Amino acid sequence: MAQPSIYQQVLDNAHRANPYPLYAELRKTPVTREDDGTYVVSTYNEIFALLHDPRVSSDPRSRPGMAGATAASDQGQPELPLSFLNHDPPDHDRLRELAMRPFGPPCTPGRIDGMRPWLAEITTGLIDKFADKNRTDIVDDFAYPLPVTAICQLLGVPLEDQPRFHQWADALIETLDPATGTFEQRARKRDQVNADLGHYFSHLVDSRARQPGDDLLSGLLTDHGPHAPMSRGDLLATASLLLVAGHETTVNLITNGMLTLLRHPGVLDRLNHQPELIITLVEELLRYEPPVQMRTNRTTRADIDIAGITIPKGSPLALMLAAGNRDPSRFADPDRFQPDRTDNAHLGFAGGIHYCFGAPLARTEAQVALLELARRLVNPRLVADPPPYRPNPELRGPRHLFIEYDAVAPARRQEAGHAVSPGINGET
Ligand code: HEM
């Protein structure tokens, strides 16, 4: 039997706990071709170039054989259009701009900072529950509830509906795992779940249209700016996108963060005395243990010459963001976790026109969560290292992170907090 390629080994669950030696192997050849025609790109400069290349498409219909209708419409379900994550310009830019208006600057500058006290309150409540025991699972008891509650609050989803969102988000995230089926099978499954989500959001949108609130959906519905309003289908697709994109990713950033801190107790201690370190520390986490390890959704729309080879038109790309983040030709001492690293234009939020839309919220959530854990847990330690991982190689993170601790310190009065560093990567 043929030896599995390095990329296949990365996808193999056996290497989930530590894929970094495989990424180092991959980087020896910046662009490699897999037997199925996928081009795997593993070095910083080449990934950066392709993220910014207008000849690279994020639209699944650019793949040969994928131009047809969606499974949801085939099955008579109402079709949810593609979200802007899966659109190319000009539709991408128009929809992203519309979605940005109620989310952040310049139109709604206070939205994310306004969530900070509320996030701190949820975080405090979750950690308070640790007090009557000395062992907990950081994933299920802390990192998981926080982002889904945040995104539901942002969208205006009632509290009692949140458990359903967990299920939908999980089902959608599973479709990102290349090991769960072919590109086409996963796209079909995604369409089915999106149709269910579309039904749910449809009712919510009706109720917000009748009685607008202070949430993002109401903001989109009542927008009178240029290109507004968003069509109903696009609105539903945007709401589903925000739910999924901001869910597992943030869970993994918080969990990877706690794991990394517990592996570096000196840094944990330093954070306690120097809380402002949290800003560069979270950026370093996004470089060192990025929740999104790769993007496998791109297709070339033309022949592209790069790193001495030509990637033919219509080829699938696997952009290995986590490998680029450890590229020694871009980052000094890349395998070292350096919480005060300043030259840190990491690829944790990717780059170019699809640069993470939710980056300010993700940063805020991780800053608040990790700082509170560091402050309040007395002598925390890992129960198992490495912890068990979820199988997904693209959105990589532990399934559980059991920790033990001696006690839980009382919460301090909420401080004003630390501002998110905007545009740290030169992106918006
Ligand atoms: C630590 C947490 C997060 C990480 C690591 C992360 C990472 C990423 C990455 C790598 C992309 C680029 C995808 C691509 O190029 O195909 C992206 C896009 C996106 N993210 Fe995030 N994300 C996080 C949190 C969030 C949150 C909280 C939200 C929602 C509020 C969000 C919303 C989005 C959206 C809407 C896009 C699509 C942007 C576009 O296509 O223009 N993300 N994210």
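Numbers here simply count residues along the sequence, with the first being 1. On a predicted model such as this, the values are computed, not experimentally measured, just so you know.
A salt bridge is absent between Asp91 and Arg96; no separation between the charged side-chain nitrogens and carboxylate oxygens falls under 4.0 Å. At a threshold of 4.0 Å, the pair Asp191-Arg188 does not count as salt-bridged, since none of the basic side-chain nitrogens sits closer than that to a carboxylate oxygen. Salt bridge status for Asp88 with Arg301: present, with a side-chain N to carboxylate O gap under 4.0 Å. Ion pairing between a basic and an acidic side chain is recognised when a charged N comes within 4.0 Å of a carboxylate O; Arg232 and Asp206 show such pairing. Comment: Asp223 engages Arg101 in a salt bridge, judged by a side-chain N to carboxylate O separation of less than 4.0 angstrom. Ion pairing between Glu25 and Lys28 holds under the 4.0 Å rule for side-chain N and carboxylate O.
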- List the steps, then state whether side chain to side chain contact (heavy atoms under 4.5 Å, CB included) holds for Met294 with Val10. CA-CA 11 Å; Met294 62 187 87; Val10 169; 3.9 Å; yes
- Query: Do Phe201 and Phe165 pass the ring pair (Phe, Tyr, Trp, His ring centres under 6.0 Å) test, and can you show the C-alpha distance, the side-chain angles, and the key distance before you say yes or no?
  - Reply: CA-CA 11 Å; Phe201 276 126; Phe165 273 73; 5.6 Å; yes
- Query: Given the rule in the salt bridge (Lys or Arg N to Asp or Glu O under 4.0 Å) test, do Asp137 and Arg399 qualify, once you have shown the distances and angles that lead to the verdict?
  - Reply: CA-CA 10 Å; Asp137 179 6; Arg399 172 63 194 93; 5.1 Å; no
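In this structure, Arg63 satisfies the cation-pi test against Phe183, with its NZ or CZ atom closer than 6.0 Å to the six-membered ring centre and inside 45 degrees of the ring normal.
Not a single donor-acceptor pair under 3.5 Å links the side chain of Arg396 to the backbone N or O of Pro291. Between the side chain of Arg287 and the main chain of Val282, no donor-acceptor pair closer than 3.5 Å is present.
Ring orientation note: the planes of Tyr23 and Tyr20 are nearly perpendicular, at an angle over 60° on the 30°/60° scale. A parallel orientation is assigned to the rings of Phe48 and Tyr44, their planes being inclined by less than 30° (bins at 30° and 60°). Between Tyr200 and Trp168, the two ring planes are tilted [angle within 30° to 60°].
Defined by atom type and a distance below 3.5 Å, a donor-acceptor pair is missing between the side-chain atoms of Thr43 and Arg27. Using modelled atom types and a 3.5 Å distance limit, the side chains of Thr136 and Asp141 yield a donor-acceptor pair. Using modelled atom types and a 3.5 Å distance limit, the side chains of Ser62 and Ser57 yield a donor-acceptor pair. Side chains of Glu284 and Asn344: a donor-acceptor N/O pair is present below 3.5 angstrom, by distance only. Judged by distance alone, the side chains of Arg298 and Ser58 do bring a donor and an acceptor atom under 3.5 Å apart. Between the side chains of Asn325 and His346, no donor N or O sits under 3.5 Å from an acceptor N or O. Looking only at atom types and distance, the side chain of Ser231 has a donor-acceptor partner in the side chain of Asp234 under 3.5 Å away.
You'll find the ring centres of Phe337 and Phe331 outside the 6.0 Å limit.
More than 12 heavy atoms of other residues, nucleotides or ligands lie within 6.0 Å of CD in Glu160, so this atom counts as buried by the packing criterion. Within a 6.0 Å radius of CG in Asp214, no more than 12 heavy atoms belonging to other residues, nucleotides or ligands are found.
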